[in-house]
Amino acid sequence: MKIRAGYDIAFECFQDVPMVLMLTVHPSRHADILTDHTLQVSPKVQAKNYTDVFGNICTRLVAPTGLIEIRNEFAVADSGLPDAVAPNAAQDPVHELPDEALMYLLGSRYCDTQKLTDFAWSTFGQINGGWTRVQAICDYVHDRIQFGYHFARSDRTASEGHQERVGVCRDFAHLAVALCRCMNIPARYCTGYLGDIGVPPDPAPMDFSAWFEAYVGGQWYTFDARHNHARIGRVVIARGRDAADVAISTAFGPTRLARFKVLTEEVPADEAFSLQPRVETSSDSLLVQRQFA
């Protein structure tokens, strides 16, 4: 299938503000991009990309005083298959894990494992098998936390989410990631697009979604404690230890979010779509920053 995705985001800046944006589709999906994948900024500013320590593509710019608008729209090919399921995937012994997976066993800003370790072992310690244990954690988190956009709080940790029992998708992911790490299962936080494909439409405005990946059976598998069932059409933007590593925007100065719209939808098979983004632009010149070679 083909998926149309994009965003229309605006910030009001009260002075010139350096910013780092993480809005480019992850390099692992670049081969699937069917159209131009460009970040368009108004007013015109200079911007450059770099790759962070987790392999995500980031864009640096200085937003001028006033309103800055950031837009993109593109199409991506997808298999149309739901997330892979491997119930027989075993838990890998720590001493056999690849070096790059070890950082995902450690506590991080929002995944405060030290506060959850005793609980994790008493609750999931008798469960054998890597996949089985991760799924049991997802089941627990899914039942433990009540979802609601009005529950969003940017500084809630995994242990606080466990105690408060409310949150948004990032809180589900943080708690599940932390519990997996407590059980010596590497787990990493993911953010990206997840539209209502193959499920009833959600009347709430579209947002970027958070899920996680766990390393079991010698590879990374996708898990989603919020929805807790295999979904179709995930398009990952970034991976990291937790939400602090993959913020869609980081401003080094005073800003106000003025507009935030996210698009993710399946393109009907009989629909022809442009090879250029269908974003509205002002008459002012725009910097069109190529997102990847």
Could you tell me the separation between the [atom1] atom of [X] and the [atom2] atom of [Y], rounded to the nearest 0.5 Å?
X      : Y      : atom1 : atom2 : value
Glu69  : Phe11  : CD    : CZ    : 12.0 Å
Ile197 : Met1   : CD1   : CE    : 5.0 Å
Leu179 : Thr117 : CG    : OG1   : 9.0 Å
Ile237 : Cys190 : CD1   : SG    : 11.0 Å
Gln91  : Asn128 : CD    : CG    : 9.5 Å
Thr264 : Arg4   : OG1   : CZ    : 11.0 Å

Does the side chain of [X] reach to within under 4.5 Å of the side chain of [Y], using non-hydrogen atoms?
X      : Y      : value
Phe74  : Ile33  : yes
Phe119 : His162 : yes
Tyr140 : Phe124 : yes
Thr59  : Leu23  : no
Cys13  : Thr65  : no
Met22  : Thr191 : no
Asp32  : Asp78  : no
Asp224 : Arg234 : yes

Would Arg226 count as a cation-pi partner of Phe147, with NZ or CZ less than 6.0 Å from the six-membered ring centre and within 45° of the ring normal? yes
ILVMFWY network linking [X] to [Y], side-chain heavy atoms under 4.5 angstrom:
X      : Y      : result
Phe208 : Phe212 : no
Leu175 : Met183 : yes
Ile145 : Phe151 : no
Ile70  : Val235 : yes
Val166 : Val177 : no

Look at the aromatic rings of His142 and Phe172 and report parallel, tilted or perpendicular, splitting at 30° and 60°. tilted
If the plane angle is over 60° it's perpendicular, under 30° parallel, otherwise tilted; pick one for Trp131 and Tyr221. perpendicular
When you look at [atom1] of [X], are more than 12 heavy atoms from neighbouring residues, nucleotides or ligands closer to it than 6.0 Å?
X      : atom1 : answer
Arg256 : CZ    : yes
Gln114 : CD    : yes
Asp118 : CG    : no
Gln15  : CD    : yes
Arg241 : CZ    : no

Taking atom types as modelled and ignoring hydrogens, do the side chains of Asn228 and Gln135 form a donor-acceptor contact shorter than 3.5 angstrom? yes
For Thr222 and Asp83, which I'm curious about, is there any donor-acceptor pair between the side chains at under 3.5 Å? no
Atom of [X], atom of [Y] and distance for their closest heavy-atom approach:
X      : Y      : value
Val20  : Cys58  : CG1-CB, 3.9 Å
Leu257 : Ala10  : CD1-O, 3.6 Å
His26  : Ala238 : CD2-CA, 4.3 Å
Val216 : Ala89  : CG2-CB, 3.9 Å
Ala214 : Ile185 : CB-CG2, 4.2 Å
Ala251 : Val17  : CB-CG1, 3.9 Å

Give the C-alpha distance, both sets of side-chain angles, the deciding distance and a yes or no for side chain to side chain contact (heavy atoms under 4.5 Å, CB included) between Asn72 and His37. CA-CA 7 Å; Asn72 190 7; His37 180 42; 3.0 Å; yes
Please assess Arg165 against Asp143 for the test side chain to side chain contact (heavy atoms under 4.5 Å, CB included), listing each intermediate value before the final yes or no. CA-CA 9 Å; Arg165 306 187 68 163; Asp143 293 337; over 6 Å; no
Cluster partners of Val53, using ILVMFWY side-chain heavy atoms under 4.5 angstrom, listed by chain and number? Phe54, Val94, Leu97, Leu102, Met103, Tyr104, Leu105, Tyr215, Trp220
Which ILVMFWY residues can you reach from Val62 by hopping between side chains whose heavy atoms are under 4.5 Å apart? none
Test side chain to side chain contact (heavy atoms under 4.5 Å, CB included) applied to Asp171 and Glu164, step by step: CA-CA 10 Å; Asp171 298 300; Glu164 297 172 16; over 6 Å; no
Apply side chain to side chain contact (heavy atoms under 4.5 Å, CB included) to residues Arg71 and Thr38 and explain how you reach the verdict. CA-CA 8 Å; Arg71 302 182 179 95; Thr38 60; over 6 Å; no
Any sub-3.5 Å donor-acceptor pair from Arg133's side-chain atoms to Ile127's backbone N or O? yes
